[in-house]
Amino acid sequence: MLSTVVSRRKFLKATAAASSTILAGLSLSSLSIQPAAALPPPKPKLVMGQKIPSVCPYCAVGCTVIGTVVDGRVVDISPDLEAPHTEGTLCSKGQASILLLPQFNPYRLRTPLMRTNPKKGENEDPMWRPITWEEAFEIIIKKYEEIYREWEAKKSWLDAKGNYLIPGGRNLDDPDKQYQLHPRALPIARISTDYLSNEEAYLGRKLAMLMGTNNCDIEARRCHSTTVAGLADVYGFGAMTNSSIDMQNAKITLNIGSNHAEQHPEAFKFTMKSIEKGAKLLVFDPRFGRTASKAHMFAWFRPGTEAAIILGIINYAIKNGLYDREFLKTRTDAPLHFETKEFLEDWETNPNSIFSKYKEHVSRFTPEEVERITGVPAYKFLQMAAEFTDPKNRPGQIVWCIGATQHTCGTQIIRAIGQLQLILGNVGQPGGGANVLRGISNVQGSNDMNHLMHIWLGYRRVPGALGERERLPGGAEADIRRYQKYKNLLKQGKSAAEIAKELGIAWVGDLRHYASWREAEMHWGIFIGTYPEDDPDNGVVISDVPVEPGLTTIEYFREMEAGRIKFIILQGMNPVVSVGNASQVIRGLSNPNVFVVVMDLFLSETAHFADIVLPAASKYETSGSVTNTGHTIQWRHRLQDNSKVVDPFDPQRRRFTEIKSDLWFIDQLFKRLRKRGLIVLPSERFAKDRGIPISELRKLSNGKNIDELWDYRPPDKRIGPSIDDLTTEPEPFEVSKEIDKTVRIYRGIVGPNGENRMAERNKSFMDEYTQKFQIYKFWGWAWPDNQRNLYDPKEPVDKRGLGVLGRTFFKPDGRATFFSSFYARRGRGFPGYYEPAESPDKELVKQYPPLVGDHPYFKELGIEPPKGYHPGNKFEAGMVIGTVEEGFDVILTSFRLTEHQHTGILTRTIPWLAEMMPELFVEISPSHAARLGVKTGDKVKIVSKRNLNDPVIAKVLVTNRVRPLVINGKLRDVAAIAWAYGFAGPHRQLNAISNKLFPDAMDEETGMPETKVALVRIEKV
Ligand code: SF4
């Protein structure tokens, strides 16, 4: 074990120099990294490498790659010529991805590190000391034990009535303080990156629940949570409806909130194919990017006003009779009576139809009003609206990304997008669809595994997180009593319809939650129900999983700053760069009373604040499944086993034995916590307290306990109890088998003979229909039931699945919805337009109040906050909002670059990519630059109300790509800043964190921060 203390300065100096001098043999011994001073001479003869398919670890297009492996070591990574969604090409990130492997990258973490400087802060030196994994686990568990024992002493799993329930985290007792940690919850949290495989995300969520917390979140919170909520509200599932391959079938593409060509280049290839066949491309963007350069029509608009554009197009289509009558009549709620929900034959003219109400609702979004709000000239808007709604241009797709989602009204924007496609009949067929492009390689899968705070097992609610239709007084306790009745009725052999009727559940489909809880009882070895079971009305309520929702990412850091969350594990996520109001994130992580564990490939900005840093394997060094943006699940084969590869930078030629997979860490942590008595289930406490044999409580499950069922070793290595085995690595496919049983939408990923359908690479077609539209149903597996284009009844059923889900809208009556009774409670039965939290215009704020509880204008204008804003959107909760009157007069948005993946920590550490896009820059218009007196290459300082004393310094790029817009009659400057930069990593020039500028005001429903629009002041340095 090395005991050298490495200062941050020394490390950065060494690693910065390493990029240019590795081959010259610069010593990096202080981090156990050594130069290639004595590389073995090249082998004199050619050797045949083994070709292994894998999946690019960067974005969610999910391009397949082929790794060439010689002697267990990857020597090449190339595009897969066979893959239908890759067609033999990769973007710059995929091409450079071989440099993620540790034998090519001296910046990869190689050993666990312990902080020796107790002070935290951006400018504090962590003084890392390399330690062993055993030491790391000892430190982590010791700290966790302190927190856990204190919590345990309060008997926090017992409620006032004697039920055995652990609250998840959100304080539902005091609605005004909902975002605060529940006083009885465990003060812990875990966040994971969306790079985790499905197996890692699933097991991570399971571990969090067994540890006793729903404070469990993923990066998706801040990229597409509003997409999931918005699309689920309208269609039933919160996923991209079609696939990137299917984009070639579109007759028109409306691109809003996505620079498709730059962010998902290999998917854009299919939009380009559609253009070659004569399709049109329309782009709305605050910045003229590479996608715009290929567009037939383009318009600049003010970020955050997407809903006004979409509602304006809907108004245009309805007013001009361009809606798809047959589709609306048969597949949506448009023809239903607004209150009784009866079908109305005269729905187009009947004032009581949902259609008529909707028509009236959108009528205010005339071209002139759209221009006033968004800055898009009315004539231009009309041209684009006419083109997109023209019946000869159907089917058409809408493509969006985080430009449309990261807003306080993000869910409403996505609802509107989904509904525009209903109006035009563009959903449920090839070439159409609501095609959201997900960012990180497994963001869709991590969502599906519900590494989230309110759901589990594939979008099933946690006990007490009751949905709209299932609402019943009594919360979690009543929910579990009802679940016990469900189990008892099942035992009596009652049908689902009979059970739903007896329990007073409106839609039989809502029983899916209970059906999945039952699977978890069977396959996890837990108990949810009452004791005794035959007295569900009066028995003691017990839940082995935490009840009610936990907190979300933004809330964690506020709670950490307040000292209410004391322990956090971050596997891969880099919130210091990715989350709005990054200074607040830093304050939370810097609280000396919060213990921070980070597992990552590199020393990220977030790792800088950690107490313990753990070296993670990249996705080429592990296996597992990954779900691409089009909900197709592919298997990633492990390309190399790190423990067999020698470190060429190490003079002692050690192997990479200390780099571990996230799955291994989760498995180890469970076993170690459980054996130390730090995972004790409420049912176990109950049985002990009452002197009842635990088997009594497991009569309805399969009788096994969590220790027996937590066994993911390869079948041939299952020697002795799993819980005692710390040496056998978990086998990801063993976790897949459990997912296949417990996550309904993923059923079918494992065949009846144990075959791995996710690994299928067969390009044959099922029939003429699939051939005509290039639907590859034998390449991987798609959820649900291998349906590739959601809601398309013509797509042939894959009889290998259950063939039930995905062909109709997942709604009680199969009709997609315009009216939402859930959002109606907040006055948003139909999606509306709401100003961004930082609006430049007082009049617009008065007319379209932002979804926040406090705003500097509200008092002055004498207006009440709108109903149902996120409880964290208040000044007292930490939200900070600036105004034009305070000098923040520039509208700022942010953008991504092809060469950098999100926060940049996986690309700034790759020399090929870092050299192409080395430093932070901000794009401003020529007229704006003239007023500031700056030219391209000059530096400016940028401040918002959140970083007044810590300005972001960036280089200026003067360009016509951004331009001032007239908003409500006033000319406003618009600027755009890249956001892939930070202070960590070897390539450090201008490296400020852009998200210090953007707000952390959140979407009402999902807690998504508004990181796409801020008001700032820009000054010449
Ligand atoms: S980053 Fe995305 S588009 Fe580029 S190669 Fe990887 S998966 Fe494909």
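In what follows, every heavy atom counts, from backbone to side chain, and hydrogens, waters and symmetry copies are set aside. Each ligand, and each atom within it, is numbered from 1 in the order the structure gives.
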Check: Relative to the heavy atoms of G94, which atoms of ligand 1 are at a distance of less than 4.0 Å?
Finding: 5 (S)
Check: For atom 8 (Fe) of ligand 1, what's the nearest protein heavy atom and its distance?
Finding: C63 SG, 2.4 Å
Margin query: Both conditions, 6.0 Å and 45 degrees, for the charged tip of R961 above the ring of F288: are they met here?
Written below: no
Note to self: Is it the case that the ring center of F921 lies less than 6.0 angstrom away from the ring center of Y981?
What the structure shows: no
Notebook entry, point to check: By number and element, which atoms of ligand 1 are closer than 4.0 Å to a non-hydrogen atom of G62?
Noted result: 7 (S)
Margin query: Under a 3.5 Å threshold, yes or no: a donor from one side chain and an acceptor from the other, between Y459 and D448?
Written below: yes
Notebook entry, point to check: Taking atom types as modelled, is there a side-chain donor on N198 or S625 under 3.5 Å from an acceptor on the other?
Noted result: yes
Item checked: Heavy atom of the protein closest to atom 6 (Fe) of ligand 1 (residue, atom name, distance) -> C56 SG, 2.4 Å
Next item on the list: Provide the number and element of each atom of ligand 1 under 4.0 Å from a heavy atom of Y58.
Entry: 1 (S)
Check: Which residue and non-hydrogen atom of the protein lie closest to atom 3 (S) of ligand 1, and at what distance in Å?
Finding: E266 CG, 3.5 Å
Next item on the list: Take E919 and K955 through the test salt bridge (charged side-chain N to carboxylate O under 4.0 Å, His left out) and record every step on the way to the result.
Entry: CA-CA 8 Å; E919 60 187 351; K955 272 195 184 161; 2.7 Å; yes
Note to self: Distance check below 2.8 Å: does C59 bring an N, O or S atom to atom 2 (Fe) of ligand 1?
What the structure shows: yes
Next item on the list: Please determine if atom 8 (Fe) of ligand 1 has an N/O/S atom from C91 lying under 2.8 Å away.
Entry: no
Next item on the list: Report yes or no: does a heavy atom of H264 sit under 4.0 Å from some atom of ligand 1?
Entry: no
Item checked: No-hydrogen, no-angle side-chain donor-acceptor test under 3.5 Å, K93 and T907 -> no
Notebook entry, point to check: Is the distance between the ring centroids of W783 and F237 less than 6.0 Å?
Noted result: yes
